[in-house]
Structures are given as structure tokens and as C-alpha cells.
Amino acid sequence: MEQRIVLLCLALAGAGPCLGSFSDYDYGGMPVMINRLVGEPSVLSLRGRVDANWYRVMNSESCPLECDCPTQWPSAMYCDSRGLTYVPTTLPPRTQYLFLQGNRISSLPPEGFKNSTLTRWLILDHNEMVSNQISGAVLKGLPHLQNLFINYNNLTDIPGPLPDGLKQLRLAHNKIGKISPNAFENLKNLTLLLLHGNQLKTIGEADFKGLQSIILLDLSHNKLIEFPKNLPPSIQQLYVSNNSLASLPQDCLMGFDRLQYLRISHNKLVNQGLPADVFNVPSIVELDLSYNQLSSIPPVHQALQYLYLEANHIQGTDA
Ligand SMILES: *[C@@H]1O[C@H](CO)[C@@H](O)[C@H](O)[C@H]1NC(C)=O
Ligand SMILES: *[C@@H]1O[C@H](CO)[C@@H](O)[C@H](O)[C@H]1NC(C)=O
Ligand SMILES: *[C@@H]1O[C@H](CO)[C@@H](O)[C@H](O)[C@H]1NC(C)=O
Ligand SMILES: *[C@@H]1O[C@H](CO)[C@@H](O)[C@H](O)[C@H]1NC(C)=O
């Protein structure tokens with residue numbers, strides 16, 4: 001697990017540093033990559049770090065009563081882990097990084113961010129966000145938004161409309177049962193989409209349409225009974241572990257020239273459900289087929305480096 005995280009940091013962060021966890025939050029299980037060159041804060045919570053009153057006394061700029069505002073990151077508002085039931089109404093216009101995780105917020109009203117339209121990160125993990133209480137226009141009113149995290153909430157739908165410039169959308173561990181066609185159509189720059197730990201059963205043909213920059217898509221821990229159709233060919237890391245897949249369609253990986261990591265562990269795959277050439281994809285580096293019902297080793301491309309097959313029904317010694 002540690003190793004996988006390091007790999008992802010290297011793969012996605014480029015030269016940037018990779019942020020470890022400073023709190024109990026896992027941000028959907030993927031580390032947050034920060035770019036200090038553009039002023040991104042390297043701390044995701046101030047809880048337990050320095051006395052909040054100290055920040056207040058040291059800072060001459062306005063700071064909402066519900067938040068802590070460190071002088072070294074004037075654009076960051078730390079309003080996390082304090083039982084808030086609403087988004088603070090006095091967020092100053094300098095706000096770019098808004099930390100609201102670990103509260104009890106269930107709604108985003110239409111004027112929720114009227115003074116903080118420069119917001120680039122909105123972190124709402126571990127709240128009680130409900131889909132029908134997110135006002136239609138509120139997120140679109142944040143044209144600079146790049147990272148939207150709403151993991152561990154009560155969402156039943158994809159929130160939207162979403163701002164065009166979004167790069168990361170993390171919606172893991174909600175109760176999302178379906179994606180509407182074209183829900184992500186305007187998100188040309190989205191590179192990471194976390195949807196694991198939801199209740200998705202099927203993926204429609206147009207559900208991921210428009211995601212032309214997507215690198216990592218995590219659909220693990222859903223209720224998928226068929227392999228998702230029409231995935232964007234830019235994908236490099238595709239995770240569909242812990243679903244109910246018994247078979248893969250013919251050619252379902254055709255055209256995925258950049259796919260490197262494919263995880264289908266903890267499903268119901270049987271050999272009869274695997275088309276002969278399905279894993280004959282030269283770009284795949286790691287293929288996880290563990291915890292399935294395979295009785296023999298399926299053919300794979302010779303360039304494959306890591307193949308996981310434990311906890312299947314494979315007998316014999318010729319492997
Ligand atoms: C909100 O913006 C208006 C106009 O820029 C400004 O007058 C007001 O003081 C701002 N409110 C807060 C809480 O910063
Ligand atoms: C969110 O879900 C939790 C657990 O299922 C529940 O206790 C809570 O009442 C829900 N909150 C809202 C606002 O629906
Ligand atoms: C998408 O990314 C490109 C390259 O960084 C940028 O020029 C463009 O403005 C972004 N699109 C949106 C809608 O933000
Ligand atoms: C899948 O579920 C099993 C059993 O609940 C769990 O042990 C395993 O960690 C899960 N796999 C992933 C990739 O989350």
C-alpha cells in the first residue's frame with residue numbers, strides 16, 4: 001500500500017512534492033500533490049499544530065470567526081474539524097484554499113461563496129452534504145476551482161454543473177447510484193476522478209464523455225456488474241476492484257494506449273468470461289486479478305511487469 005502511494009505521487013506530481021497526511025483524513029485514499037510555486041499551502045489542517053488564538057493575534061487581515069488564518073498562507077482558510085453546520089458567510093475575497101473538512105455541513109446555498117470567487121481548492125470531506133441541497137449555480141460560480149473534494153458525504157448524485165477548469169474531483173465514499181449522461185462533459189482538464197465506495201451498478205455510454213485528460217479513474221467498491229463502456233482513452237490508471245464483474249467484453253481495452261495500471265481484484269471473473277486477447281495490451285505494467293474465480297492463468301502481454309493472481313482457483317505447477 002505504501003509503495004503504491006509513492007508510485008502515484010511520482011507519476012502524478014511531476015517535480016512537485018507529495019503531501020503526507022497530517023490528520024486522520026485520507027482525501028479519498030490518494031495523496032494530495034502540492035505545487036508550492038503557485039502558492040499552494042503544504043498543510044491541510046492546522047488542528048493540533050499551533051494555538052488558534054496565536055494565529056488570530058498575529059494576523060492583521062480579516063479572518064472569519066469560524067476559521068484560522070495563518071499569516072504565511074494569506075489565501076488559505078482553515079475552517080476544518082469544528083462542527084460547523086454551514087459555510088462561513090464572511091470568507092474574505094483573498095480566499096483561494098478553503099478547508100472545511102470534518103464538519104457537519106449539509107448544504108451549499110446559492111450565495112455561499114459570493115465573496116470568495118477566487119477559490120481554487122474546496123475541501124469538504126467528512127461532512128453531510130446532500131445532493132438536493134447543493135444549489136445549482138454555486139459551484140459554477142467558482143471559475144478558478146481546480147480541486148473539489150467531497151469524499152465521505154451523503155451525496156446521491158454527481159454535483160453540478162461543475163466549473164470547466166476542474167483538475168481533481170474526489171467523490172469517494174458517498175451514496176452515488178448513477179451518473180447522468182454528459183455529467184462531466186465540460187471537464188476537459190480533469191486528471192483525477194475518485195468514485196470508489198459508491199453504489200454504481202452500470203456506467204452509461206456517455207457518462208464519462210468529454211474527460212479527455214483523465215489519468216486516474218477509481219471505480220472500486222461499487223456494484224458494477226459490467227465493465228464500464230466508452231471510457232476515455234487517456235486513462236493510465238483504472239481501478240475497478242471490489243465490484244461484481246464476472247466477464248469482460250471483447251475489445252474492452254482496445255485503444256487504451258496509455259493504460260498502465262489495471263486493477264480488477266475482488267470480482268467474480270472466470271476464465272470463460274475473458275476474451276482470448278483481452279489483456280494483450282502492451283502499455284499495461286501492472287495487472288491485478290487477485291481474488292477472482294480464475295482456474296487458469298489468462299494470456300497477458302510479454303511487457304507486463306506485475307501480475308497478481310492470488311486467491312483464485314488456479315491449480316497445477318506449470319506457472
Ligand atoms: C465582500 O466583498 C465586498 C465587495 O468587494 C466587500 O465590501 C466586503 O467587505 C466583503 N465582505 C467580506 C466579509 O470580506
Ligand atoms: C448522512 O448520513 C449519515 C450516515 O448514514 C446520517 O447519520 C446523517 O443523518 C446523514 N445526514 C444528512 C444531512 O442526511
Ligand atoms: C485547461 O488547461 C490549460 C492548460 O493548462 C489552460 O490553458 C486552460 O485555461 C484550462 N482550461 C480551463 C477551462 O481552465
Ligand atoms: C476489497 O474488499 C475486501 C473485502 O472486503 C478487502 O479486504 C479489500 O481490501 C478490498 N480491496 C480493495 C482494493 O479495496
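Counting starts at 1 for both ligands and their atoms, in listed order.
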Salt-bridge contact R263-E286 (side-chain N to carboxylate O under 4.0 Å)
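Result for this pair is yes, salt bridge flagged.
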Do the charged groups of D207 and K178 touch, with an N to O distance under 4.0 Å?
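The answer is no: the pair does not qualify as a salt bridge.
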For [atom], is some protein heavy-atom partner under 4.0 Å away?
{"atom": "atom 7 (O) of ligand 3", "answer": "no"}
{"atom": "atom 11 (N) of ligand 2", "answer": "yes"}
{"atom": "atom 14 (O) of ligand 3", "answer": "yes"}

Give me the nearest non-hydrogen protein atom to [atom] as residue plus atom name, then the distance to 0.1 Å.
{"atom": "atom 9 (O) of ligand 2", "result": "E128 OE1, 4.2 Å"}
{"atom": "atom 5 (O) of ligand 2", "result": "K175 NZ, 3.3 Å"}
{"atom": "atom 3 (C) of ligand 3", "result": "N189 ND2, 3.6 Å"}

Are any non-hydrogen side-chain atoms of I176 and L200 less than 4.5 angstrom apart?
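I176 reaches L200 side chain to side chain.
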Report yes if some heavy atom in the side chain of I235 is under 4.5 Å from a heavy atom in the side chain of R258; otherwise report no.
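They are not in side-chain contact.
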Between R94 and Q96, do the side chains contain a donor N or O and an acceptor N or O under 3.5 Å apart?
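Checked: Q96/R94 side chains show no N/O donor-acceptor pair below 3.5 Å.
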Give yes if a backbone or side-chain nitrogen or oxygen of D164 is under 3.5 Å from a nitrogen or oxygen of ligand 3, and no if not.
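No, no N or O pair falls under 3.5 Å.
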As an exercise, identify every atom of ligand 2 less than 4.0 angstrom from a heavy atom of V130.
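Contacts of ligand 2 toward V130, numbered from 1: 12 (C), 13 (C), 14 (O).
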What distance separates F279 CZ from L274 CG, expressed to the nearest 0.5 Å?
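Going from CZ on F279 over to CG on L274, the span is 5.0 Å.
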Nitrogen or oxygen atoms of N154 and ligand 2 under 3.5 Å apart:
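Looking only at distances, the answer is yes, because the N/O contact criterion of under 3.5 Å is met.
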When the ring centroid of Y25 is compared with that of H126, is the distance short of 6.0 Å?
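So the answer is yes for these two rings.
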Using a 4.0 Å heavy-atom cut-off, say whether Q133 meets ligand 2 through its side chain, its backbone, both or neither.
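For Q133, there is no contact with ligand 2 at all, from either part.
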Over 60° means perpendicular and under 30° means parallel, so tell me whether F99 and W121 are parallel, tilted or perpendicular.
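Correct class here is perpendicular.
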Enumerated ligand 3 atoms positioned under 4.0 Å from heavy atoms of G165
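Numbered from 1, ligand 3 contributes 12 (C), 13 (C), 14 (O).
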